[in-house]
Structure formats: structure tokens, C-alpha cells
Amino acid sequence: MSNTLKKILIPVDVDKPAESLLLLNYAGQFAAAFSAELLLLHPSNTAALTFTQQTRRIQLLRAMGERVLGRVPKFRDYVPFECVVRPGNLHDCIKDVVQNASVDLVLMQADSLPDPDKAAHADHAAQVMEQVGCPLMVVPSALAYKKIKHLVFATDFTDRDPKVLAQINEFSKQADALLTLVQVYSKAARAQLSSMKAAIHEVEEQLKGRNVRFKLLEEEDMLEGIGDFAEREDADMLVLATRDSYLMQRLFSKAYVKTMAYHTRIPLLTFRQLKKKPCSGCCTNCMKRSAHHPEIKFEEAGINI
């Protein structure tokens, strides 16, 4: 992804127009706010497509796009878009489309997962995240668009990637939003507070001149702590930088969706980031992941964010 957001991919199911129109409406307003263009991708969920079938689905896809994006509500502006139809499911085709079309962001709906002990459905955002190199943004179903004014980025100040941080910084700059970086740490990690504070000073230097705030928060359950903090701060978006989709699977498990946790009511933006620091193995997330996947050793889990 380039640091500037220019092209956004939206998975669209022409066989489910009601759901797709809601997502397109949000995506159109989001794209207009960022002066970006959209790429509408429809996977046929069939092994192959005849020329006639492909043409018909392209027509349906374009008609949906024209209906919603020809005049975006609130912005009263035309949002440029292209249409792509591919055989197979989303999981099968999205990687090639993202690479070939130079997509900067994938935007899709957030669906709950049936069971945290089971693998996510192939077309769920958690699985799609594993396929693409660009950031992925998920929005709650039927969420009305509103301007992004405050982003909360849950991070580990002592284990960061300057390139990912630059991307997140540029995103907040394009949105003209306040960026709050927060690290949640456990009671056992108190001894590392001095290292965290020193790392914050380094990040401050990298983000000098931007509208940024920093916060250290002690909480045993990282996800609960992040969600509570985002709600208190009235965040418009939660941002994560993780090495895999495990956290997303937890975030969209039934346990969180049932309680209407704050992160299920605002968009979630995820960036892929390799982690240098081995996980200590004492955090709640590692304990739960080890219970779900006994074959994964604590020191290999590496899901600290």
C-alpha cells in the first residue's frame, strides 16, 4: 500500500442486493471523503463462468454501483468505480485482484463468527485478512457513515514497524482526525514501563507535528481494555497492527457481538505487521490461544500488538 489511500476494494454480492447496497452506500461516502476510487469485486462462488454469465453479473454490478455511487448522499458527488467479476469465492480470488489492481485498502462488512474454536468461514474478514497485503477495514452491518474524527490505535510501543506507523499516520492525516496510540499492559509488565515510555518518545519524534496523543493502560485483558478505552474516548475507529487474524477472530466472536462491545459498533482497521518481540506467554490472549490451539507454544504465539 502507498501511504496515500487512492483505491478501495469492496466485495459485492449481486445475489444479496439489500446487504450490498448498504455496504456500497457506506463505501461511497467513505471514498468521497478520502477522494479515492472504488473497485467493486463480485466473486461468483462457482468454479467457472461462461462469457454470458460474466457479462450478466458485470451488468448487475455496474447497475448497483451507478444506483448508489452516481450521487453519493451527503457529498452529492460522483465516486469513480470499476467492476470486476471472478469465479470462485472471495478467499480464492481477492489476493490476485488486490495485487493486479494496486488496491490500497479492502473494505467489507463485519460478520460474527459462530464459534471461536472453529475456523472462520473462507469469506469472513478474518480469513480475507490472511490473503491480502494491504490494510483491511471492516464495518458493522448497516452502519451509517460519519466523518472519522478520532482514531484509537492499539499498539506495542516497544515492538513497532515504522512503515506501518507511517501508513496509519498518513491515514489519520487524510481523515483530518486525532490519532490516539494506546498500549495495554498487564500487571506483570509493570517492570517494563520505563522501556514503554522511552519508546513513546521515539514515536513522538516520528510523528512530530501531527495531532497525536499517547496512553499507557494497565488491564489484564487487552481486548476488554482497548474496547473500554475506545468507548470512553468516543473513538470513531479502532486500528490494529497484527501479524495474523487471531485478534480479529476474537473480536468478532459471538461472545463480543452478544455484549455489543464498543468495537462491534465502530469500524475496525487492521494492518499486517510482523512482530520482532516474542510473546511472554503470560498474557490473557496467549493463554486463550494456547487453549484453542495446543500445538502453538507460548513463545511462538507472538500476538502482542
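Positions are given from 1, in the same order as the sequence printed here. All values reported here derive from a predicted model rather than from experimental measurement.
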So if I apply the side chain to side chain contact (heavy atoms under 4.5 Å, CB included) rule between M137 and each of L105, V239, I8, which one comes out positive?
L105

If you group Ile, Leu, Val, Met, Phe, Trp and Tyr by side-chain heavy-atom gaps below 4.5 Å, do [X] and [Y] land in one group?
X	Y	result
V212	F157	yes
V84	V103	yes
L178	L216	no
F81	L60	yes

Using the ring centroid of each side chain, check whether F34 and F171 are separated by less than 6.0 Å.
yes

Hits for side chain to side chain donor-acceptor pair (under 3.5 Å) against R62, two or more places apart or cross-chain, chain-then-number order -> none

Hits for side chain to side chain donor-acceptor pair (under 3.5 Å) against R57, two or more places apart or cross-chain, chain-then-number order -> D15, H42

Taking all non-hydrogen atoms of both residues into account, name the closest pair between [X] and [Y] and its distance.
X	Y	answer
R210	S172	NH2-OG, 2.8 Å
Y185	M196	CB-CE, 3.7 Å
R86	L49	C-CD1, 3.9 Å
A235	V152	CB-CG2, 3.5 Å
I10	A27	CD1-CB, 3.5 Å
C134	V106	SG-CG2, 3.8 Å

With under 30° as parallel and over 60° as perpendicular, where do the rings of Y26 and F30 fit, or are they tilted in between?
parallel

Would you tell me whether T50 and T52 have side-chain atoms, one donor and one acceptor, within less than 3.5 Å of each other?
no

Any pair counted as side-chain hydrogen bond (donor to acceptor under 3.5 Å, both in side chains), so long as it reaches residues 31-41, sequence neighbours left out
none

Can you list every pair that meets side-chain hydrogen bond (donor to acceptor under 3.5 Å, both in side chains) and has a residue in residues 87-97, with sequence neighbours left out?
H91-Q131

Find the distance between [atom1] ([X]) and [atom2] ([Y]) and round it off to the nearest 0.5 Å.
X	Y	atom1	atom2	answer
R213	E204	CZ	CD	13.5 Å
I148	D236	CD1	CG	7.0 Å
K187	E219	NZ	CD	13.0 Å
T4	K173	OG1	NZ	8.5 Å
I94	E130	CD1	CD	13.0 Å
L21	N25	CG	CG	8.5 Å

So, D221 and R250, do they make that salt bridge, N to O below 4.0 Å?
yes

Can R160 and E202 be counted as an ion pair, charged N to O under 4.0 angstrom?
yes

Does P140 have any side chain to side chain contact (heavy atoms under 4.5 Å, CB included) partners at least two apart in sequence or in another chain, and if so, which?
L143

Let me see the working for M222 and L247 under side-chain contact (heavy atoms from CB on, under 4.5 Å), right down to the final yes or no.
CA-CA 10 Å; M222 181 189 65; L247 285 177; 3.6 Å; yes

With a sphere of 6.0 Å drawn around CZ of R56, does it hold more than 12 non-hydrogen atoms of other residues, nucleotides or ligands?
no

Please walk me through it: do D228 and L217 pass side-chain contact (heavy atoms from CB on, under 4.5 Å)?
CA-CA 11 Å; D228 291 345; L217 183 66; over 6 Å; no

What's the verdict on side-chain contact (heavy atoms from CB on, under 4.5 Å) for Q249 and Q127, showing C-alpha distance, side-chain angles and the deciding distance?
CA-CA 9 Å; Q249 291 187 46; Q127 292 299 317; 4.0 Å; yes

Residues which pass salt bridge (Lys or Arg N to Asp or Glu O under 4.0 Å) with E231, listed by chain and number, not counting sequence neighbours
R265

With side-chain contact (heavy atoms from CB on, under 4.5 Å) as the criterion, how do L24 and L40 come out once you've worked through the C-alpha distance, each side chain's angles and the decisive distance to 0.1 Å?
CA-CA 9 Å; L24 276 176; L40 313 186; 3.5 Å; yes

